[in-house]
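Only this structure's heavy atoms are used, side chains among them; waters, hydrogens and symmetry mates stay out.
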Amino acid sequence: MTAAAKPIKRKNTAIADRYDIAIIGGGPVGMALALALRDTGISSVLLEARGVPEKDEDPRPLALSHGSYLILKRLGVWDKLSNRTPITQIHISNRGSLGQTVLTPEDAGVPALGYVVNYHDLFCSIHHQLTGSATDYLAGALVTRLDTDKNSGTVTFDYQGKEHQLSAKLLVLADGGKLAKQLPDISYCEHDYRQWAVVANVKAETKQTGTAYERFTADGPVALLPNLDDFALVWTVSPDEVKEITALSEPEFLARLHEHFGDRLGKFIAAGKRSAFPLALKYAQSTATQRVALIGNAAQTLHPVAGQGFNLGLRDAFELAGEVIHAKSQSLEIGKPAMLTKYQQKRQFDSSAVRLFTDSLIKLFSNDNELLKHACGLGLIALDRMPPLKRFVARRMIFGARG
Ligand SMILES: Cc1cc2nc3c(=O)[nH]c(=O)nc-3n(C[C@H](O)[C@H](O)[C@H](O)COP(=O)(O)OP(=O)(O)OC[C@H]3O[C@@H](n4cnc5c(N)ncnc54)[C@H](O)[C@@H]3O)c2cc1C
């Protein structure tokens, strides 16, 4: 420890210096874990670097699977989300080949394939639910250092211009993956896709009717998700193009998108603010170490194709909460190696399978090779004609690797 731990007062809440769980990072996954642990008798604190929810609006759309809907409903968040658009079918095609397939709720045996929400709306809804609970929640607390021994973990953080510390039996990293580099046993595999996602709301001549379009091209996929009356665009572009595409005038941007996506929705007639995100695959080789567990983007950051990252992170949070609650109910100490090994083993299959699925989609479909392009097109035709295979794929997109 570098300084004596001091209790912090925030509104009427005294932040203690010792907890069962300290969650580092209050993005949607970290907050979901905090919510899952409320009213369980497990003491937890959430430390978030940004002054939430006043942070900049993050415009990215999130396609939530039916499985995430069920978890968010259980956490009491779903009914607070005002803007959510059901996905009634998913149309998948490959530019330059004939193959296409359509997934419907009947294929997967669920009432809706998923829902589109905005990251910022989801963030605000979980935040609202959390501030109404007894969870200790510090916004504007930047964690700078992690220390662990076999009995506990210690977090050093800056808050209101001072350095503070607190300790917990388990530190959960939900910070997107920067802090784990301080831990000797955690290392990441990284692959830069050399692609960026340009995100914007767009209006087309054809109104949205609940269909989500995923179109693969040699430069990467372009997705148009139903979003209220319009579409949320996630357009993968090369690093050379990203500056140019985000700087185009609106009519030029709309024409370029039309040329790229094709005529399925007619012309595009309006676009909102554009934002761009670099895309990489990054995953921790081990998602737990002495008194530490990783969840969400801290455990794995995926390409947004097929909209799996948050859905997977939410399952991390939910399964970790289950292990912690189980340990408590059996009077076992939280954060012991046996508990962490169990968490890690439970998540391994789902995480590896989803990672492999998204990574293979990008590697197979983002290429100019004519033979491969036609093979992918034939694959889509085959998928369309084989209901059991369709059901297999649809359920894995919705519920994760165990379908
Ligand atoms: C363009 C795009 C589209 C996407 N679409 C989808 C989709 O359709 N469906 C889907 O499931 N997923 C999608 N994703 C992925 C999804 O956005 C992420 O998986 C999800 O945001 C991860 O949430 P998280 O809480 O783990 O991490 P983050 O959202 O990154 O949150 C991490 C939090 O930790 C805080 N933090 C960081 N460092 C510190 C520190 N030192 N101290 C304290 N706090 C700290 C940050 O301020 C932040 O609030 C998409 C991603 C992109 C880029």
Side-chain angles (χ1 to χ4, degrees), residues 10-13 15 19-48 50-55 57-58 60-87 110-139 170 172 174 227-228 293 295-297 307-329 334 343 347 350 398-400:
R10 175 185 149 269
K11 292 188 186 158
N12 299 324
T13 321
I15 300 292
Y19 287 88
D20 290 326
I21 313 262
I23 304 164
I24 298 148
V29 172
M31 285 197 291
L33 174 64
L35 268 185
L37 293 175
R38 86 202 135 148
D39 306 328
T40 56
I42 294 159
S43 62
S44 65
V45 62
L46 177 66
L47 302 170
E48 164 56 38
R50 291 183 270 194
V52 290
E54 300 84 13
K55 68 174 196 168
E57 263 195 44
D58 187 324
R60 85 185 88 161
L62 292 179
L64 301 185
S65 68
H66 185 69
S68 293
Y69 151 80
L70 294 174
I71 294 179
L72 293 174
K73 191 127 183 106
R74 245 166 110 167
L75 296 179
V77 171
W78 187 254
D79 295 328
K80 304 266 176 343
L81 265 171
S82 47
N83 295 337
R84 44 192 205 215
T85 311
I87 301 174
V110 291
L113 286 167
Y115 302 85
V116 179
V117 301
N118 169 266
Y119 179 97
H120 186 70
D121 289 345
L122 177 70
F123 185 92
C124 290
S125 298
I126 309 184
H127 174 82
H128 178 77
Q129 188 74 353
L130 197 58
T131 43
S133 77
T135 309
D136 287 352
Y137 181 1
L138 271 194
L170 176 64
V172 179
N227 191 21
L228 301 177
I295 60 173
N297 271 22
Q308 295 290 321
F310 172 70
N311 293 306
L312 188 59
L314 193 58
R315 297 198 290 275
D316 291 344
F318 205 62
E319 296 239 22
L320 181 61
E323 285 310 316
V324 171
I325 293 166
H326 174 76
K328 170 95 178 167
S329 72
I334 291 165
Y343 162 69
R347 295 306 303 138
D350 190 13
I398 288 168
F399 295 113

Which distance, rounded to the nearest 0.5 Å, do you find between the NZ of Lys328 and the CD1 of Ile21?
-> 10.5 Å
What one should report as the nearest heavy-atom pair of Glu48 and Gly25 is OE1-C, 3.7 Å
To the nearest 0.5 Å, tell me how far Leu46 CG sits from Thr135 OG1.
-> 8.0 Å
Are Leu72 and Leu122 close enough that some pair of their side-chain heavy atoms sits under 4.5 Å apart?
-> yes
Only counting residues at least two apart or in another chain, list the ones meeting side chain to side chain donor-acceptor pair (under 3.5 Å) with Asn297.
-> none
Exam field: side chain Asn311 to backbone Ala63, donor-acceptor pair closer than 3.5 Å = yes
Determine, step by step, whether Arg315 and Asp350 satisfy the side chain to side chain contact (heavy atoms under 4.5 Å, CB included) criterion, reporting the C-alpha distance in whole Å, the side-chain angles of both residues, the deciding distance to 0.1 Å, and the verdict.
-> CA-CA 9 Å; Arg315 297 198 290 275; Asp350 190 13; 2.7 Å; yes
Inter-residue atom distance Ile42.CD1 - Leu37.CG, 0.5 Å rounding = 5.5 Å
Could you tell me whether a side-chain N or O of Gln129 sits under 3.5 Å from a main-chain N or O of Gly76, the two making a donor and an acceptor?
-> yes
Kindly give the heavy-atom pair with the smallest separation between Tyr119 and Pro28, and that separation in Å.
-> OH-CD, 3.3 Å
Closest non-hydrogen atom pair, Asp316 against Gly296 | OD2-N, 3.0 Å
Asp79 versus Arg84, closest heavy-atom pair with distance | CA-NH1, 3.9 Å
For the residue pair Tyr115 and Tyr69, categorise the inter-ring angle as parallel (less than 30°), tilted (30 to 60°) or perpendicular (more than 60°).
-> tilted
Checking side chain to side chain contact (heavy atoms under 4.5 Å, CB included) for the pair Ile126/Leu75: CA distance, chi angles, key distance, verdict?
-> CA-CA 9 Å; Ile126 309 184; Leu75 296 179; over 6 Å; no
Nearest atoms (heavy-atom pairs only) where Phe123 meets Gly27 = CE1-CA, 4.1 Å
Can you check whether Leu312 reaches Arg347 side chain to side chain, under 4.5 Å on heavy atoms?
-> yes
Can Tyr19 and Ile334 be said to form a side chain to side chain contact (heavy atoms under 4.5 Å, CB included), step by step?
-> CA-CA 11 Å; Tyr19 287 88; Ile334 291 165; over 6 Å; no
Distance-only, no hydrogens or angles: does the Thr85 side chain make a donor-acceptor pair with backbone N or O of Leu228 under 3.5 Å?
-> yes
Sorted by chain and number, sequence neighbours left out, side chain to side chain contact (heavy atoms under 4.5 Å, CB included) with Phe318 holds for Ile71, Arg74
Hey, are the side chains of Trp78 and Leu64 touching, using non-hydrogen atoms and a 4.5 Å cut-off?
-> yes
Roughly how far, to the nearest 0.5 Å, is CD1 of Ile23 from CG of Leu33?
-> 4.0 Å
Residues passing the side chain to side chain contact (heavy atoms under 4.5 Å, CB included) test with Asn118, sequence neighbours excluded, are His120, Asp121
Taking the side chain as C-beta and beyond, is there a heavy-atom pair between Leu35 and Arg38 under 4.5 Å?
-> yes
Donor-acceptor contact below 3.5 Å, side chain Asp20 vs main chain Ser44 | no
For the student: nearest non-hydrogen atoms of Lys80 and Ser125, plus distance = O-OG, 3.6 Å
